[in-house]
Amino acid sequence: MFARELPTFSIFDHLDKLQIVRQTRTAIRAICPICGGNNLEITTSGKTAGRYACYSNIGCTSEQIREAIAPLVQGNAPGSEAFEKAGSHYRGLGRRINLRVLPAPLKLYKPVLLPAGEIVLATLPEDVDVVPIVQKGLNTEIIYHYSCEQWVLRTDFYNEAGERTHKTTKPWHINADSKNVNSKGEKPWPIYRIHEAEQFAVDQWVLGVEGEKSVESARFLGICTVTWMGSAWSDVDLESGLISLKKAGVAGLIYWPDNDEIGVKKALAIANAAAKIQFPCLVLNPHSAPLTVTNGDYGGKLMKNE
């Protein structure tokens, strides 16, 4: 009886909260609110209409996605007394049990042995360029260029008191008609700052982090650093980026994950992709890294401007 008081959920009621990447007659593809990949797929027709799942192989569950876009009211959240009392009745409400679609099990590969001796992390010259921050009214914009045809626009929104309220990061590309389009596009994206790895990291290691802002923070310290675009964290995207490092003559990747659950999942995905192509990869423990933070990414901590 108590379970009936808990709300049902349909993802179609919350499409306005998602960034749609592509839409066909049978499915919608959107940015996953958990991992940031563009592999959240929503079925829109047939008997399975309403099913959704993230296929980035990071491990995002339907419960995590639902909670991100439509949190339960306080007291009814998973783990609460109310939730536990509801038990199996709750899981049978509405379409929730039918919506849970887990990604395919990830095949694990044996990593290559790390080379003996000292690991040398590539550094950048002192006159490294700085990405400009453009003021637009109360807000600020930063453009992170991946190539001459692909970039990410980050917008930080502030209120009248100067407090940041939220941010957006949107991929842009130039299409075949030479028009700027707010989407990832069909062409694969290179990893961010690959040209610096090609120029300065031959026979040396590069640092890998999550997010362009973290890359720029590390570059400010003179460290050759790369990342993947926010919606390009599938196993195919990770493998492609690591292959580009390998072809550039980079000795290996030292990956510094964000200190949260998704950060750990992404680190495992990168390590497995590196193992698949036999590319040396060392994943740091965020708790024991030289610059430790208590939660989230470290880029904002270094720049003192989250």
Side-chain angles (χ1 to χ4, degrees), residues 32 34-37 56 58 119-124 128-131 133 142-146 150-152 154 156 167 169 171 189-201 204-235 237-246 248 250-274 279-306:
C32 174
I34 301 301
C35 69
S56 293
I58 300 298
I119 291 179
V120 179
L121 193 60
T123 57
L124 300 174
V128 62
D129 64 291
V130 178
V131 177
I133 300 176
I142 305 176
I143 295 179
Y144 299 110
H145 287 279
Y146 279 72
Q150 299 160 310
W151 66 95
V152 168
R154 171 179 172 140
D156 289 276
K167 72 170 183 178
T169 53
W189 282 53
I191 54 178
Y192 186 55
R193 296 291 182 180
I194 179 61
H195 64 284
E196 291 185 341
E198 294 170 340
Q199 185 175 358
F200 301 112
Q204 299 179 78
W205 290 59
V206 298
L207 180 66
V209 294
E210 183 180 337
E212 298 91 355
K213 186 173 182 179
S214 294
V215 169
E216 296 306 315
S217 299
R219 291 179 70 250
F220 180 77
L221 300 177
I223 303 172
C224 187
T225 313
V226 299
T227 193
W228 281 256
M229 197 265 285
S231 59
W233 283 78
S234 69
D235 52 349
D237 294 320
L238 296 178
E239 183 178 339
S240 175
L242 292 169
I243 288 175
S244 67
L245 290 175
K246 193 173 184 179
V250 175
L253 176 75
I254 299 177
Y255 187 72
W256 189 350
D258 280 2
N259 189 17
D260 55 26
E261 181 182 357
I262 298 302
V264 172
K265 290 179 179 179
K266 288 186 173 182
L268 292 174
I270 284 181
N272 195 52
F279 183 66
C281 178
L282 175 63
V283 176
L284 300 178
N285 182 340
H287 294 284
S288 60
L291 294 173
T292 302
V293 297
T294 56
N295 187 47
D297 70 280
Y298 68 89
K301 308 298 181 182
L302 289 177
M303 299 301 290
K304 302 186 185 300
N305 180 30
E306 294 182 303

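In what follows, every heavy atom counts, from backbone to side chain, and hydrogens, waters and symmetry copies are set aside.
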Exercise for the section: Kindly write out the residues that satisfy ring-ring contact (aromatic ring centres under 6.0 Å, His included) with Tyr144, not counting sequence neighbours, or none if the list is empty. Expected result: Tyr192
Exercise for the section: Compare every heavy atom of Ala197 with every heavy atom of Val206, then report the nearest pair and how far apart it is. Expected result: CG1-CB, 4.1 Å
Problem - Atom pair OG1/CG of Thr123 and Leu207 - distance to nearest 0.5 Å - result: 12.5 Å
Exercise for the section: Please report the shortest heavy-atom distance between Leu284 and Pro257, naming the atom on each side. Expected result: O-CD, 3.2 Å
Problem - Smallest separation among heavy atoms of Val152 and Met229, with atom names - result: CG2-CG, 3.7 Å
Exercise for the section: Apply side chain to side chain contact (heavy atoms under 4.5 Å, CB included) to the pair Leu253 and Val226, showing each step before the final yes or no. Expected result: CA-CA 9 Å; Leu253 176 75; Val226 299; 4.2 Å; yes
Problem - Heavy-atom pair with the smallest gap, counting every atom of Val209 and Ser214 - result: CG2-CB, 3.7 Å
Handout entry: Worked verdict on Ile143 versus Val131 for side chain to side chain contact (heavy atoms under 4.5 Å, CB included)
Key = CA-CA 7 Å; Ile143 295 179; Val131 177; 5.9 Å; no
Practice task
Indicate the atoms forming the closest heavy-atom contact of Val215 with Thr225, along with that distance.
Solution key: CG1-O, 3.7 Å
Practice task
To the nearest 0.5 angstrom, please state how far the CZ atom of Arg193 sits from the CD atom of Glu198.
Solution key: 13.0 Å
Exercise for the section: Check whether any side-chain heavy atom of Cys224 sits under 4.5 Å from a side-chain heavy atom of Gln199, and report yes or no. Expected result: no
Practice task
For the pair Trp233 and Trp228, name the ring-plane relationship: parallel under 30°, tilted 30 to 60°, perpendicular over 60°.
Solution key: tilted
Fill in the blank from the handout: Output for pair (Thr227 OG1, Glu216 CD), nearest 0.5 Å, gives 10.5 Å
Handout entry: side chain to side chain contact (heavy atoms under 4.5 Å, CB included) between Arg219 and Asp129, intermediate numbers included
Key = CA-CA 9 Å; Arg219 291 179 70 250; Asp129 64 291; 3.0 Å; yes
Exercise for the section: Please round to the nearest 0.5 Å and tell me the distance separating atom CD1 of Ile191 and atom CG of Leu238. Expected result: 10.0 Å
Fill in the blank from the handout: Between Trp205 and Pro280 the two heavy atoms that sit nearest each other are CH2-CB, 3.6 Å
Practice task
Take Arg154 and Glu212 through the salt bridge (charged side-chain N to carboxylate O under 4.0 Å, His left out) test and state the conclusion after the steps.
Solution key: CA-CA 9 Å; Arg154 171 179 172 140; Glu212 298 91 355; over 6 Å; no
Exercise for the section: Before giving the answer on side chain to side chain contact (heavy atoms under 4.5 Å, CB included), spell out for Lys266 and Ile270 the whole-Å C-alpha distance, their side-chain angles and the decisive distance to 0.1 Å. Expected result: CA-CA 6 Å; Lys266 288 186 173 182; Ile270 284 181; 5.5 Å; no
